[in-house]
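Worksheet: one structure, shown below.
Just so you know, these numbers use all the heavy atoms, side chains as well, and skip hydrogens, waters and symmetry mates. Numbering of ligands and ligand atoms starts at 1, following listing order.
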Amino acid sequence: MLTAVIGLAYGDEGKAAIVDLLSADNEYCVRYNGGANAGHTVVSNGIKHKFHLVPAGAVQGKNCILANGMAIDPFSLYKEQHGLFRSQQELIDLHKPILYISNAAHCVMPWHIVKDMETGSKIGTTNKGIGPCYSDKANRTNAVRMENLKKAIDDDVLSNFFKIDKVLHPTINWGPYQQYKVAAESLSKYICDTGKLLRQLVREKRNILFESANGMMIDVDFGTYPYVTSSGVGTAAIPQACGLPNIKIDRVVGIIKSYISRVGEGPFVTEYVGDKTSLGNKIREIGHEYGTTTGRPRRIGCIDLDLLKETSEISGATELSLMHTDVFNGFESVDYKLDNEIKSIPGWIDHKDSNLTRFIELIEEKIQLKIRIVSYGPDRLQKFFR
Ligand code: IMP
C-alpha cells in the first residue's frame, strides 16, 4: 500500500506527527521534495525529535529514503544523521533506521546559501539555499549531485568552486570546504539509485509512506507564485521526484490545522491583522508558532475552508487529519472562512467537547472528506481516530 502525507496550507501543519504515527504500518518512509527549509518535529514519550532532511519515520526506526527530488545540504544531513545515531542513542538501540540517499538528488552548496541570502528576501525564504540549488539543477551549470559529491571533492573540483566563491564572496568562511569533505565521506556509503530501489519495492507491494515537505500553498506550480518554494509539494510531484512512473497512491492524508499559519511573504487572505492582531498573537503564543528552521514568528489567521477545499483537490487528498485543536481549548469562539465570509463557531473546553465535534463536522461537510485523525497535543498519544 502506498500512502502520502501532504500539508494543505502554507507548511507547518503538523505533518511529521502524522508521518510518525502512520510509520507504524509502513516499512519505508520517503522524503521527496525540498530540503532543510522544512522543519519536522516528532514528540514521543516526552522526547522531542527535530528533523530537517531525514524522514520522520526514523523515530519508529523505519527505512528512510531521500529521493531524487530533494535539495540536500550534505553537512546538515551529516549533522542530523549523527544526531540521530548518537545523542538519541536510546532510539537507535530500540530501532535502527537505515538511510538511502538518491544519487540523483542535488546538493545544496555554500554558494547556494550565500545567493539565497542575497536574493531571497522578497519572498522571505528560509535562506537554506533551496531556490539557488534548484536553479543550478535546471541550469546544469554549477550543480553538484549526491553521486558526484565525493568525486568532485577527490578531483578537487569543489575546492575550485570554493576558490571562485572566495573571490565573489570574500567574507565567506573557508571552513565549509572541510566540513563538506567530512560529510561526503561519511554519507557516501548511503548513496544509491533510490528510484530503482523504490520501483522494486512497489513491485513487491511493500508499504511505503511518502512524506511531503512544505505545504500545497507554496507548491512551485500550484501555490501563491512567486511566493512559493522551488519544488512540487503534492502527490502529483511524487512520481517524478521518486522515479516511480504511473503509480497510484492509495491513501493521501491531507494535513490541516484548526487555524492557518504562514511564514515568509505572500498573500494570506484570513490573516489576523488590524483589530484581530492580538488574537493572532495569542494563537501564536499558545501554538508555539515560531519557525522550526528559522525561528521567525509565523503569521496567523483563521482556518480557510475555501482554500483547503481547493488544495485538498489539487493534492488528491482522500482523508484529512486535523491538528492543533488544543490551541483553542477554553476559547469562547473559533473563526473560520467559508464561501468568502468569516464566521465563527463556539469554542471547546477539550477534545471531548461536542463543540469540537461540530467544528470537525463543519470542515468535513465543506471539504467533503472525512477527518480520520484529530490531534490535541504534540505527543504521539494525544491523538484520536474517527
Ligand atoms: P524557500 O523554500 O526557503 O526558498 O522559501 C520560500 C518560501 O517558502 C518562504 O516564504 C518560506 O518561508 C516558505 N517555506 C519554505 N519551507 C517551508 C516550510 O517547511 N514551512 C513553512 N514555510 C516554508
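- Residue Val228 approaches ligand 1 through these ligand atoms, each under 4.0 Å from one of its heavy atoms: 6 (C), 7 (C).
- For atom 22 (N) of ligand 1, the closest heavy atom belonging to the protein is Val263 CG1, 3.3 Å.
- Among the atoms of Asn37, some N or O lies under 3.5 angstrom from an N or O of ligand 1.
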Point to revise | Derivation of the side chain to side chain donor-acceptor pair (under 3.5 Å) call for Glu364 and Gln368 | key: CA-CA 5 Å; Glu364 290 181 330; Gln368 286 291 297; over 6 Å; no

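- Under 4.0 Å from ligand 1, the heavy atoms of Arg296 that appear belong solely to its side chain.
- Per-residue contacts place Gly124 under 4.0 angstrom from the following atoms of ligand 1 (heavy atoms of the residue considered): 9 (C), 10 (O), 11 (C), 12 (O).
- For Phe51 and His40, the distance between ring centers is not under 6.0 angstrom.
- No side-chain donor-acceptor contact under 3.5 Å links Asp193 and Ser102.
- Of all atoms in ligand 1, listed by their number and element, those nearer than 4.0 Å to a heavy atom of Ile218 are 8 (O), 13 (C), 14 (N), 15 (C), 17 (C), 22 (N), 23 (C).
- The protein heavy atom nearest to atom 16 (N) of ligand 1 is Asn214 ND2, 2.9 Å.
- Atom 3 (O) of ligand 1 has its closest protein heavy atom at Thr126 OG1, 2.6 Å.
- Using modelled atom types, one finds a donor on one side chain and an acceptor on the other under 3.5 Å when comparing His324 with Tyr259.
- Using a 4.0 angstrom heavy-atom cutoff, Arg262 does not count as in contact with ligand 1.
- A salt bridge is absent between Arg284 and Glu289: the closest approach of a Lys/Arg side-chain nitrogen to an acidic carboxylate oxygen does not fall below 4.0 angstrom.
- Taking any N or O of Lys128, backbone or side chain, none lies under 3.5 Å from an N or O belonging to ligand 1.
- Within ligand 1, the atoms closer than 4.0 Å to a non-hydrogen atom of Thr229 are 1 (P), 2 (O), 6 (C), numbered from 1 in the order shown.
- Asn355 places a side-chain N or O within donor-acceptor distance of the main-chain N or O of Gly347, the cut-off being under 3.5 Å.
- Which parts of ligand 1 touch Tyr10 is read off a 4.0 Å heavy-atom cut-off, strictly below it: atoms 21 (C), 22 (N).
- In this structure, atom 5 (O) of ligand 1 lies nearest to the protein heavy atom Thr125 CA, 3.4 Å.
- Side-chain contact annotation: Asp335 with Tyr272, donor-acceptor N/O pair under 3.5 Å present.
- Using a 4.0 Å cut-off to heavy atoms of Asp12, the atoms of ligand 1 that qualify are 20 (N), 21 (C).
- In this model, no donor atom of one side chain and acceptor atom of the other lie less than 3.5 Å apart for Glu211 and Tyr32.
- Comment: Lys370 does not engage Glu319 in a salt bridge, judged by the lack of any side-chain N to carboxylate O separation of less than 4.0 angstrom.
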